[in-house]
Amino acid sequence: QFQMIRHEDLRLEESLGRGSFTRIFKGSKTDIREGERQNTDVLLKVLDGSYKNCWESFFEAASLMSQISHKHLLLVYGISVHRSENIMVQEFVKYGALDLFLRKKQGSVPVSWKLDVAKQLACVLNFLEEKKIVHGNISAKNLLLAREGDSSIGTSPFIKLSDPGISVAVTGRDVALDRIPWVAPEVLEAPETWGMECDKWSFGTTLWEIFNGGKAPLQGLDPQQKLMFYENHEQLPSPKWTELADLIGRCMEYDPALRPSSRGIIRQLNSLITSDPGLSAHADKDSF
Ligand SMILES: N#Cc1ccc(Nc2nc(N)cc(-n3cnc(CCO)c3)n2)cc1
């Protein structure tokens, strides 16, 4: 499992906003190492009181992350339960959620940077696939940026995949509808039957977000309209770059069996990088 962290060893600092069912705060945790006090920056995810009965799923997500370790998986230090508060304590990732970062950078991010991030996500998906672990909540807001990357000094970005949070299998249909178009269509129909392929669908949606300036797809549609998007087997607006549009389209196949394996995704991403020499010149190929 993972470590139980004493409430008195945690300090809540500024509020950083919200996750789906949580409030998030920057904070610090105190450890005694070799007899001396050591403070570590942490991110504290406090489960909303209204989802208190989902705390098993909340902590199951955390324990999933602490059972396996990978350089692109977020480190979860443990949990702290104090009176009615359920808190997940995770590493503080320097630049925060990728969707907000991309929106802030509005289109000034080179295509090579985006492909680098996409490849890192494909690698961690491959790692999870080999361990037969379904994440279930792949999205740009669940990708955290540990290193910004700056092509002028030759550093590349570095992302960490966050915990999946509370599963749509326990939250109910309205939350699942709200997660369209990240949640795979088959998960909507039968949440308990979902398999590895559902992460491939969400990878496609996340790829769309990365190349669309971090804008949320289908924003402004109400749950009913989102449901119709799936009922009518619709696709997200395609980017002009056809090879990218093909990859997104293959991941977002309504028939799970037709989606590529994570190795197939990595192969296609590699061919995207070589598909157009203009890329190295940071040609702006992600116009929609
Ligand atoms: N300005 C700013 C700033 C904000 C946050 C971080 N760091 C950080 N570290 C984590 N482990 C998780 C998150 N996080 C962000 N949003 C969610 C909810 C949606 O997933 C989780 N942010 C760094 C800088």
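Counting convention: from 1, in listed order, for ligands and their atoms alike. Count residues from 1 along the sequence.
- Proximity to Lys141 (heavy-atom distance under 4.0 Å) selects the following atoms of ligand 1: 19 (C), 20 (O).
- Residue-level proximity to ligand 1 for Glu91 is carried by the backbone, the only part with a heavy atom below 4.0 angstrom.
- Looking at Arg259, Arg263, Lys200 one by one, the single match for salt bridge (charged side-chain N to carboxylate O under 4.0 Å, His left out) with Glu129 turns out to be Lys200.
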The test is side chain to side chain donor-acceptor pair (under 3.5 Å); show your working for Ser152 and Asp150 and say whether it passes. CA-CA 5 Å; Ser152 64; Asp150 177 346; 2.5 Å; yes
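- Every atom of ligand 1 is numbered from 1 in the order shown, and the set under 4.0 Å from a heavy atom of Leu144 is 10 (C), 11 (N), 12 (C), 13 (C), 14 (N).
- Against a heavy-atom cut-off of under 4.0 Å, Leu16 is close to the following atoms of ligand 1: 4 (C), 5 (C).
- Listed by atom number, the atoms of ligand 1 under 4.0 Å from Phe92 heavy atoms are 6 (C), 7 (N), 23 (C), 24 (C).
- Geometrically, ligand 1 and Arg18 share no nitrogen or oxygen pair separated by less than 3.5 Å.
- Looking at Thr30 and Asn39, their side chains do bring a donor and an acceptor atom within 3.5 Å of each other.
- Under 3.5 Å, the side chains of Asn86 and Lys45 contain no donor-acceptor pair of N or O atoms.
- Distances below 4.0 Å separate heavy atoms of Lys94 from the following atoms of ligand 1: 23 (C), 24 (C).
- A cation-pi arrangement is found for Lys29 relative to Tyr77, the charged atom lying closer than 6.0 Å to the ring centre and inside a 45° cone about the ring normal.
- Evaluated by nearest non-hydrogen atom to atom 10 (C) of ligand 1, the leading choice among Asn137, Leu43, Leu44, Val42 is Leu43.
- Taking a cut-off of under 4.0 Å to the non-hydrogen atoms of Leu74, the atoms of ligand 1 that pass are 11 (N).
- Distances below 4.0 Å separate heavy atoms of Asn142 from the following atoms of ligand 1: 20 (O).
- Test Leu144, Asn142, Leu121, Leu143 against Leu98 for side chain to side chain contact (heavy atoms under 4.5 Å, CB included) and you get one pass: Leu143.
- Of all the atoms in ligand 1, the ones that sit under 4.0 Å from a non-hydrogen atom of Ile24 are 14 (N), 15 (C), 16 (N), 17 (C), 18 (C), 21 (C).
- Atom OG of residue Ser80 and atom CD of residue Glu8 lie 8.0 Å apart, to the nearest 0.5 angstrom.
- The ring of Phe288 has its center closer than 6.0 angstrom to the ring center of Trp208.
- Checked against a 3.5 angstrom limit, the closest N/O atoms of Gln90 and ligand 1 fall inside it.
- The nearest protein heavy atom to atom 2 (C) of ligand 1 is not closer than 4.0 Å.
- Put simply, atom 16 (N) of ligand 1 has protein non-hydrogen atoms near it, under 4.0 Å away.
- In this view, Trp201 and Tyr230, Tyr254 satisfy the ring-ring contact (aromatic ring centres under 6.0 Å, His included) rule, not counting sequence neighbours.
- In this structure, atom 9 (N) of ligand 1 lies nearest to the protein heavy atom Val93 N, 3.1 Å.
- For His72 and Phe127, the gap between ring centers reaches or exceeds 6.0 Å.
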